[in-house]
Structure formats: C-alpha cells, structure tokens
S.K.: 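Before I ask anything, let me first share the structure, which is written out below as structure tokens.
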Amino acid sequence: MKKTALSDRILREVEKPARYIGKEINSVEKDPEQVDIRFAMCFPDVYEIGMSHLGIQIIYEQLNRLPYVWCERVYSPWPDLHRIMKEQRIPLFALESQEMVKGFDFLGITLQYELCYANILQILDLSGIPLHAKDRGEEDPIVLGGGPCAYNPEPLADFFDFFYIGESETVMEEVVRLRRDMKKAGRSRAEYLRELSHIPGMYVPSLYEVSYREDQTLAAFSPRYPDVPARVKRQVCMNLSEAPYPEKPLVPYIKVTQDRVVLEIQRGCIRGCRFCQAGMIYRPLREKSLDTLKKEAERMLEASGHEEISLSSLSSSDYSQLPELLDYLIKNFRSQSINISLPSLRIDNFSLEVMKQVQDVKKSSLTFAPEAGTQRLRDVINKGLAEEEILAGAGAAFRGGWNKVKLYFMLGLPTETKEDRKGIAHLAQGICDAYYEIPKKDRNGKCEITVSTSFFVPKPFTPFQWAPMYREGMYLDRAKEVKEEIRAMKNQKSIRYIWHDAKGTVLEGVLARGDRRLGPVIEYAYRHGALFDAWTDYFNMDIWMEAFAAAGVDHEFYTLRERDTEELLPWDFIDIGVSRRFMEREWERAREGVVTPNCREMCRGCGSRSFGGGVCFEERDDKGHSVNAWKSPELSTLPEREEDEA
Amino acid sequence: MKVRMKMAKTGPIRYVGHLDFMRSFQKALRRSGIRAAFSRGFSPHMLISFASPLGVGLESVGEYVDVELAYRDPFPLDPVEEQRLESIGLKNEDLPPAPSSGELCRMINRELPEGVRVFSMKRVGQMKEKAMALVRGADYLVFLEDGFLAEADLTEAVLSLLAETSIVIHKVTPKSESDVDIRPLIYDLGVMEDGFCAREERFLSFDPEGFSRSLFMSLSAGSAANLKPETLMAALCRKLGKEFDPCALRILRLEMYAEASKAMSELGEAF
Ligand code: SF4
C-alpha cells in the first residue's frame, strides 16, 4: 500500500482528511517508470467542488487512455492544511501517486471562475514552482490553463506558460505528444513553447507584446515573432458522440457537490441570452446521439455504483430527442432504484409530466430563471421567456400538486430601471395569484416562492462585454429595493427573498475583463492572504483594495466605464468563432430592446457555421426553422407512468 | 434474505468518516452485481445497518453490517416478515436463490476500496434485532506514537488504574455535561508485548512503524454504554500526569461482541 504524502499526524489534525488520500474508485494508477509524461490536472478549489467537475473527468479519461501519459488530480488544500504545508514546507502532491507536483511535466489548471485566481497562485506556491512563467527552469512543469476564464487569460498571463483555448477533445493529445518528443530530443522549454504556439488554439502569452494608450486602454497586441499567429482560434470538438467520455467515473469517498452520474447530452446552446458567456463560447449547439447517451448512461451507472443520474447541458429542453431519452432512462433505471434528476428543463406540460414520475411532487420545487423582472428587460437580455409562459407553467405545476417555486433573477443588468426591479416582486406575486386561484380543496397548503437574485457581471465574448458595472453599494441598494417591494406584496408571507453577496461581484468584474496589468495585483493579494475568495467566509475585499493600491491600478477603470465598440479589448486576439460583428449587432439590438430568434428559429449568421457542424447544419423548412425545433409533444405520447406507490 | 457481513477497514480509508463510508459501501454493493433489496418511493434506499460507527482515523478488522439482499431465504418466513417483504414489493418464493456466501464475498470484495475486505457473511434471517442493538463490547489495540508517553511506565499505570474502584471522567457534549464512571465499562486493559495479534495479521496492512508500543483494551460498546478507547487513554494520561495527545494514537478495532461475550460473527448461520 502506497504511503500518503501527509503524515498520520497531519491527517488527524485537518478537517476532512479524506480529501487528500486519493485511491478513489476508478482512479488510475500507473507505473511511473512506464510513462513518459506525468500530467497533474488541477481544479483550484476544494476537493468537493473540484471532484464534481465533468471537464476534468473527461481530460482524465482522455489522457490516461494514452499509454505514455499518467494524468493525476490536484485540488486546493483547505486553509487548515495550507497553513501546515507552509509551516512545515510540505510540497503539494498529486492524489494518485502522492508525489510532488513539481516533478511533473505538466500542471494543467482549469479556470472556471475568476474568484479562484488567488488559489492558482497557492497551487504554484505550495508546489514550489516559481509563480512567474519567466522564472521557471527546465525542471519545472509546464503550466497551462483552460476553461471559460481562459477566454480572457490576460490577468493571468504572467503565471501561465500557455493557455489552451477550446475543448480538450481536440488537440490535447498533440500538446502532450509534442512535449514528449521534444523532451526526448533534449529540446528546451522555450523551444517547446515556441513550437506549441503553432498548434491551433494554443496561446503562449510570453510570445506576445502589449502596449497601452494614455487613457489606459489597449493600444496594440501583437506577436513578437512572425511565426507566432496573431489570432488564436478556439478548438471545437464536432463529433461529441465519438469523443472520449469518462465511462468509469471517479467515485469519491466523501460526499461531493455532484455525487451522481453526469450525462452530458449536448454542448452549446441555441438560445443566445446576451449576458451568458457559456451561450457564446460553446457555440454551436452539438448534440450527442441518443445511442451514445444510452450506452454511456448504462456504463457509467454500472461502473460507479451511483444511485442517481443527472442530465447536464445548458438547456436540456432543447435536446431534440429528449422524450426518447427520458423514456429510456425512466424505463431502464427506475426499476434499478436509480434516481433521475432533471435540472435545466423548461417548465411545461411535458416536463411536469416527466418530473412527476421521477420526483416527489410534495417535496420538490420547480425552478424558473426569468433573470429579469419585466418583459422589456427580458427582451434586452434576449431571455425568451414570456410572463405568460411562466404563469402558465406555474399554474400547471400547482394543479399538478407542486407548491414550491424558485425564481432566479439578476440585478445590475444593462438598462435596468426601478420598474424592472419592482417587476421581480410583481412577478412573484403573480405566481402567488396563480396559486390562490386554484380552489382551496385542491391546494397543498401555502405556496412557497423563493426569489433569488445575483448580481450581473459582464463577461468577455458576450454582447454585454461593453457594459458598465456599478459600485458595491449600488448593488446592495438594488437588492434592498427588491426586498422592500416584495414586502409590500399582498402574499409577501409566501415569498422568501435571498440575494447573493455583492462583495465578490466587483472583484469578479475587474478580473473578468482585466488585462495584464492585473498580474501584480493578484500576486500581491495572494501574498497578503487572499485565498478561497469564492467562499464568502474567506473573501476579504480589503486585501484586494490594498493590492490595487500597491500595484497602482485603478480598479474602476475596469468596471465603471462603458467600453466603446471601437476599443481594442484584451481578449480580442481570441477567435471564438462567433464574430465580433455579431456581438456588436447584438449589443445594439439589446439597447433597442429587440429580441433575436434562437438558432433553431432562424440562423442569425453568428459565424459558428465555420466549425462545420451542429445546429448550424440542421435541416431547415422553408421558413428557416430547424426541423429539430422541438415542441412539447402531446401528452398522449408520453411514457406511461408506472405504479410506484409504497 | 438478511445477511450479516464481517469486514475490515484499514489503511488510508480510515480517514473516511462513517456516513461517507456507508455510502461508499452501498455503491460497491451496486457495482458488485449482488442483488440488494430497496425501500420503495421516490428515493429508494438499501436496507442496511452498521453495527457501530467507527470514528474517523480508526481502523478495524471487526466491523459488522447487516444488509437485506433480494435472494430467497431458504427457511419459511413468519407472517410478519412476509408482510414486511411485501411492503417493499418482494415475495420470498419469487426471489432467486442466493449464491454461496463465499461467492457473495468474492463479488463484493472485487468492488470494495483498497483496505476494505469482507471476511464472512452469515444469514441472520429470523433474527429481529439489528446488529446495532446487539453490540455490547469491543476489543481494541491502541498503538502509541514513539515519543508519546515515552518515559512513562505503562504497565505500572495500567495496574494502578485498574486497581481503582471508580474512574470518573467529565463528559462534555454539545448538549450536556456530566460525570461518568468509566471503571465498570473497562473489561480488560493491558500492555501488549511485542506488538501484534498473530491471528489477525494476515488481514492487515497495518504498518506500525513509528508506533512500537501498544495497549490491548476490551471495552463496553453499543448504544447502552459506549466507552471510546481515546477516552480511556485520556484517563490513563491523567493518571500519569501527562498531557493527552489524541493525534499520537493509532487505534484498531479487533472484534465486537454481543450479549454473553459472543463474538458477533458467531451469530447467524453459514450459507
Ligand atoms: S451560425 Fe447560425 S445556427 Fe450556427 S450558432 Fe450561429 S446563429 Fe446559431
């Protein structure tokens, strides 16, 4: 039995020691002597969060299929262990081998949210890897980043050797193979990175030069050498049905956020909500075939022993064969006592009928995400969810026995006014009304409406990438307005209001649309104690304010101003496939309050057709509608409900 | 058919707490292909019960868990049992016959995490009490980190502790505070010579490196009166006038006993 990297004594001292012992079911062990490349894949947050991430499991599967690579996992040590490791100078280790990360060939870090940037420096620091890419030697791992925040990698440019722009299923193997070949040939780190920059989608920040204008905006961004591409194109996997998938999912010992089989049914989204980065950077929508999904569901349940399976996608209702898929899942797995969880379904007669079969109506709640309180603002953000639809959905649900509804909104959206904020309360009241319209004898007690708001943060590669943000206090004022209006409603006792903390919002906004000048800020903040900023209990904005001051950076430059569409943006060198012209047009239409149809209603020529597949190539009728524009089937075509009464 | 399994939990998995371990065990059962019985309703669960939760960091070669399997019980069931089975949608006659206990052990052991092993499985079909309700005592080996209580004469301390007619400890829980006399809960306590039970060794990957001294303890256990080995160690430290360091211990549970000092494994029938 392999020794744990941490001594018995330390494991007894720290909270949840099982985070650090590895050996989970289906984790991969290889003989280090038999592999050429050691790859550490890191999610820079606590184990329970990191283990729930599907992307890492895909990369883990994909890399470990290569006989010459051993891919292992790394997560952020919790603050209690962080302190011990710093004090006792214990180097950070990978879970499988329990060996030092510093000895690896690659350290890959997934960038899922901006508030984990300090944790990235923690990973480097505890590993004993120089924080700055330029200070790393031949023996240090090559540090790469990928994931949604890599679409504006600039604030992290100092700390990474390269960024992988796109999906791992495309050129990851090439990246690793090149390293192996060049290592064998005795070539240097710098030579490797230069060569790597020729692989499409690979961005090596040290090979580019940046200059700024007097007004602080970007003046120019260009490669230092002629052989280095000026634009980096996102790499997209066009055949998801054949792509590697974790057929033997890792099964953690301790309860993690996603303690179930996750079945990714499609990637991308047809909807085009203007605030949503995922809706743009994963275009076009690509579905997995029904056969693939059936096979994967079966294999993953069998290999993991999980008692639950959940569908994963940005908008599951848009999967063109959803009725067939759900029918299959219910018929095959309910009898094996497996729970089926269906997040991100639109609430309509079809989904309600399905949900009735898989969950306890009395205990479960229904979720709507109108995102904005009035139709006007919903049109601005292109959230194609009309008030009538919400009320009809809620009414149908109430008649079906549900009495709990959750509503999600954002505050701080472009063009938002007082009316829009008050509209949130009014919509909640409207739903209450729909409930109390039902005859008393058919109701199930009181209705419980939970209204939850978060603060909108403009993200790169969205039509709102030019939008201004606000100061922290203004966010809280907005939440207060909503709260007061809710308290003034007739059924206010049935409405609960929860709002997200505004504390991290401003920092998230700065980092999301920042540039290279933020590197020293992040470093200062980490060195002065910033860690686990995504955790309200640990987040301390004072450290960051101090860091901005120390680095001489005006953080409001990044948040308060409305950017001009003429301005060169730090992430403009990345080509995600969706054209800048499309974004500009959408920004324009947003301000005019004009809705843009979704990809299946009408192709708006965003540019993603260039990837050569997905929704862009679905068959269309003479009106331009895709034949897969899926409508709720008649209830009679639904699978029969099996008697399941205890 | 209800079965009782005896198993070991050793190695790094000792850092997985009881609830998480239970979940892992159930997932292993699902993977193994053994047919477990489930409750009905929207979130069905296995009918499973552990004899006694094992604290985080403790190892054991004497864990017991009762599991209801969806195999035919070879003996006729009484009407109450039959009704209960019916309520979860099962009928004894319609269930497939059980594979041998040896085969079931092999099936589950293929799926259990490193350090966890099922040694034996017995049919406990007609027994109404759950394993949890049966436990009365447990044996432990407590290993001391070298350096901890290094100068102390352990044998002497043990003898004088046992000579006392009452050993009162102050027990503080989040809900209450009380004085408890633990003397009656100690059945046996002694310093081990040369370490280790040869009987159990083959099951263990226990590596006592850095822990050259150990104590044997036989203590009251179960829901009525449970004495943790750590509590007794604390009392021993107090006797020695030394500070107690819970992180300097490695504890191995050897066996659990039911009434009349019968090892739990002696209850039930082979199949
Ligand atoms: S090219 Fe048309 S169909 Fe394809 S993603 Fe863009 S808008 Fe949608």
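The chains referred to below are lettered A, B, ... by the order of the sequence lines, with proteins before strands, and numbering in each begins at 1.
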S.K.: Would you give the length of the straight line joining atom CD of B:Glu114 to atom CD of A:Glu24, rounded to the nearest 0.5 angstrom?
M.R.: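 It is 11.5 Å, given to the nearest 0.5 Å.
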S.K.: Measure from the side-chain N and O atoms of A:Arg12 to the backbone N and O of B:Leu249, and report whether any donor-acceptor pair falls under 3.5 Å.
M.R.: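 It does hold such a pair.
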S.K.: For A:Lys294, does the NZ atom sit with more than 12 other heavy atoms under 6.0 Å from it, leaving out its own atoms?
M.R.: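 Enclosed.
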S.K.: Quick one: closest heavy-atom pair of B:Val16 and A:Ala18, and the distance?
M.R.: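 Looks like CG2-CB, 3.8 Å.
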S.K.: So do A:Thr4 and B:Tyr15 actually touch side chain to side chain, heavy atoms under 4.5 Å?
M.R.: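 In short, these two side chains do not touch, never coming nearer than 4.5 Å.
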S.K.: Does B:Glu93 CD have over 12 foreign heavy atoms under 6.0 Å away?
M.R.: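 For B:Glu93, atom CD is crowded (more than 12 foreign heavy atoms under 6.0 Å).
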S.K.: Counting only heavy atoms not in A:Glu87, do more than 12 fall under 6.0 Å of its CD?
M.R.: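 More than 12 within 6.0 Å, yes.
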S.K.: Answer whether the closest heavy-atom distance between the side chains of B:Pro44 and A:Asn339 falls below 4.5 Å.
M.R.: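 Heavy-atom side-chain distance check passes, below 4.5 Å.
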S.K.: Among B:Ser39, B:Cys247, B:Gly33, single out the residue with the greatest number of heavy-atom pairs under 4.5 Å to chain A.
M.R.: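 Among the listed options, the one with the most contacts to chain A is B:Cys247.
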S.K.: Taking only Lys NZ, Arg NE, NH1 and NH2, and the carboxylate oxygens of Asp or Glu, determine whether A:Arg9 and B:Asp245 approach each other closer than 4.0 Å.
M.R.: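 A salt bridge is present here (some side-chain N lies under 4.0 Å from a carboxylate O).
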S.K.: Contact part of A:Glu302 toward chain B, heavy-atom cut-off under 4.5 Å: side chain, backbone, both or neither?
M.R.: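 When you check distances to chain B, only backbone atoms of A:Glu302 fall under 4.5 Å.
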S.K.: Given a strict heavy-atom distance threshold of 4.5 Å, which part of B:Ile13 is in contact with chain A: side chain, backbone, both, or neither?
M.R.: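 The answer is both parts of B:Ile13.
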S.K.: Which atoms of B:Glu111 come close to chain A, meaning under 4.5 Å heavy atom to heavy atom: side chain ones, backbone ones, both, or neither?
M.R.: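 When you check distances to chain A, only backbone atoms of B:Glu111 fall under 4.5 Å.
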S.K.: Walk me through whether A:Asp8 and B:Arg14 qualify under side chain to side chain contact (heavy atoms under 4.5 Å, CB included).
M.R.: CA-CA 11 Å; A:Asp8 227 36; B:Arg14 68 181 177 279; 2.4 Å; yes
S.K.: Among B:Pro113, B:Gly57, B:Pro246, B:Gly89, which residue forms the greatest number of heavy-atom pairs with chain A at distances under 4.5 Å?
M.R.: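 Greatest number of close heavy-atom pairs with chain A: B:Pro113.
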S.K.: Verify the neighbour count for atom NZ of B:Lys228: are there more than 12 heavy atoms of other residues, nucleotides or ligands below 6.0 Å?
M.R.: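 No, NZ of B:Lys228 has 12 or fewer neighbouring heavy atoms, counting only those of other groups under 6.0 Å.
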S.K.: Checking heavy atoms, do the side chain of B:Ala248, its backbone, both or neither come under 4.5 Å from chain A?
M.R.: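 B:Ala248 touches chain A through backbone and side-chain heavy atoms alike.
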S.K.: If I measure from the heavy atoms of chain B, does A:Ile25 come under 4.5 Å with its side chain, its backbone, both, or neither?
M.R.: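 Looking at A:Ile25, just its side chain touches chain B.
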S.K.: So if I apply the side-chain contact (heavy atoms from CB on, under 4.5 Å) rule between A:Glu307 and each of B:His45, B:Arg30, B:Met46, which one comes out positive?
M.R.: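 Only one option passes, and that is B:Arg30.
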S.K.: Would you name the heavy atoms of A:Ile254 and B:Arg23 that are closest together and state the gap between them?
M.R.: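 That would be C-NH2, 3.3 Å.
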S.K.: Please classify the contact of A:Asp360 with chain B as side chain, backbone, both or neither, using a heavy-atom distance under 4.5 Å.
M.R.: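 Both backbone and side chain of A:Asp360 come within 4.5 Å of chain B.
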S.K.: Quick one: pull up CZ in A:Arg334 and CZ in B:Phe42 and give me the separation to the nearest 0.5 Å.
M.R.: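 Going from the CZ atom of A:Arg334 to the CZ atom of B:Phe42 covers 6.5 Å.
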S.K.: Name the member of A:Gly22, A:Pro17, A:Ala303 that forms the most heavy-atom pairs with chain B at distances under 4.5 Å.
M.R.: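 Looking at each option in turn, the highest pair count goes to A:Pro17.
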